[in-house]
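Notes follow the structure.
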Amino acid sequence: MCSSDLHNEAMDSIKDLNIEAWKYLMKIPKFAWARHAFSTAIKCDHVTNNFTESFNACVDNLRGKSILTLVEGLRRKMMNKLHKRYQKATTWTAAVTPKVVKKLKEIGNASRKCELMMASKYVFEVGDVDRTYIVKLEEKECDCGVFQLTGLPCKHAALGIIYRRESLVKYCDQAFSLEIGRAHV
């Protein structure tokens, strides 16, 4: 069963429990709240808006200053922060950022709890608890949807990649590459 089918099944159960809640949810576009409808072009699995808190922390000692002093102070702080991040990034040695390396290790460990059945060279059927997922490595797709949404191999895809004795890094979206990471620090 695909993610949208699971979503529809869950929505039907909400409708049975509380029709008003179902009507409320149906008015909101699915792409704004239902994971299966999120854009696969965005490769970030963590979405928050901490801009206000970050900005307030950055303003700190500049609060109450004239606008020109505030803007110049913020510019200097940002330049300094970007330079520190650049220096740190020059020490990275993997093909992906350190956070991604850590995440890939966790994904690889989680994949050990799944069961693999080969369908072809790059297509696998992966059993996970009481569900089965189809993984297509060349397309970077898995029925669970995590591979497409995050740009990182899900545990189902990871099992096939590990079985093929390939690197999980090879299947990461370019957004997580060292070159992109260094360009955005």
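Rounded to the nearest 0.5 Å, atoms CG (Asp143) and CG (Asp5) are 10.0 Å apart. With rounding to the nearest 0.5 angstrom, the CD1 atom of Ile107 is 9.0 Å from the OG atom of Ser111. Taking NZ of Lys15 as the reference point, atom CD1 of Ile19 lies at 5.0 Å (rounded to 0.5 Å). One finds the CG atom of Leu152 at 4.0 Å from the CZ atom of Phe176 (value rounded to the nearest 0.5 Å). Considering CZ of Phe124 and SG of Cys142, their distance stands at 11.5 Å, rounded to 0.5 Å. The distance from atom CD1 of Ile161 to atom CG of Leu116, rounded to the nearest 0.5 Å, is 11.0 Å.
Taking a 6.0 Å sphere around CE of Met79, one finds it holds 12 or fewer heavy atoms contributed by other residues, nucleotides or ligands. Shown here is Lys140, whose NZ atom has more than 12 heavy atoms of other residues, nucleotides or ligands within 6.0 Å. Residue Glu166 qualifies as enclosed at atom CD: its count of foreign heavy atoms under 6.0 Å is above 12.
None of Lys84, His83, Arg85 except one satisfies the side chain to side chain donor-acceptor pair (under 3.5 Å) rule with Gln87; the exception is His83.
Taking the side chain as every heavy atom from C-beta outward, Leu137 and Val123 never approach each other to under 4.5 Å. Counting heavy atoms from C-beta outward, Cys172 and Ser177 have side chains that stay 4.5 Å or more apart.
The shortest non-hydrogen separation linking Val169 to Ala95 is CG1-CB, 3.8 Å.
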For Thr97 and Val101, run side-chain contact (heavy atoms from CB on, under 4.5 Å): C-alpha distance rounded to whole Å, both residues' side-chain angles, the deciding distance at 0.1 Å, then the answer. CA-CA 6 Å; Thr97 63; Val101 169; over 6 Å; no

Passes side-chain contact (heavy atoms from CB on, under 4.5 Å), Thr90 versus Tyr86? Steps please. CA-CA 6 Å; Thr90 60; Tyr86 172 78; 3.7 Å; yes

Evaluate side-chain contact (heavy atoms from CB on, under 4.5 Å) for Arg112 paired with Lys155, printing each intermediate quantity in order. CA-CA 8 Å; Arg112 294 180 183 158; Lys155 63 183 176 179; over 6 Å; no

Passes side chain to side chain donor-acceptor pair (under 3.5 Å), Lys77 versus Asn61? Steps please. CA-CA 11 Å; Lys77 283 185 177 197; Asn61 62 337; 3.1 Å; yes

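A parallel orientation is assigned to the rings of Tyr133 and His156, their planes being inclined by less than 30° (bins at 30° and 60°).
No donor-acceptor distance shorter than 3.5 angstrom exists from the side chain of Asp128 to the backbone of Arg131, with no hydrogens or angles considered. At distances below 3.5 Å, not a single donor-acceptor pair connects side-chain atoms of Thr69 with backbone N or O atoms of Lys65. No donor-acceptor pair closer than 3.5 Å links the side chain of Glu125 to the backbone N or O of Thr132.
At a threshold of 4.5 Å between side-chain heavy atoms, the hydrophobic network of Ile, Leu, Val, Met, Phe, Trp and Tyr places Ile28 and Met26 in one connected group. In the hydrophobic clustering of ILVMFWY residues, with side-chain heavy atoms under 4.5 Å counting as a link, Leu62 and Leu68 come out together. Note on Val126 and Tyr171: same hydrophobic cluster, where clusters join Ile, Leu, Val, Met, Phe, Trp and Tyr whose side-chain heavy atoms are under 4.5 Å apart, directly or indirectly. Hydrophobic clustering of Ile, Leu, Val, Met, Phe, Trp and Tyr side chains at less than 4.5 Å, counting indirect connections, unites Val96 with Ile162. Tyr163 and Val135 fall within the same hydrophobic cluster, defined by Ile, Leu, Val, Met, Phe, Trp and Tyr side-chain heavy atoms under 4.5 Å apart, directly or through other members.
By the 6.0 Å and 45° rule, Arg164 stacks over the aromatic ring of Tyr122.
Salt bridge status for Glu106 with Lys103: absent, with no side-chain N to carboxylate O gap under 4.0 Å.
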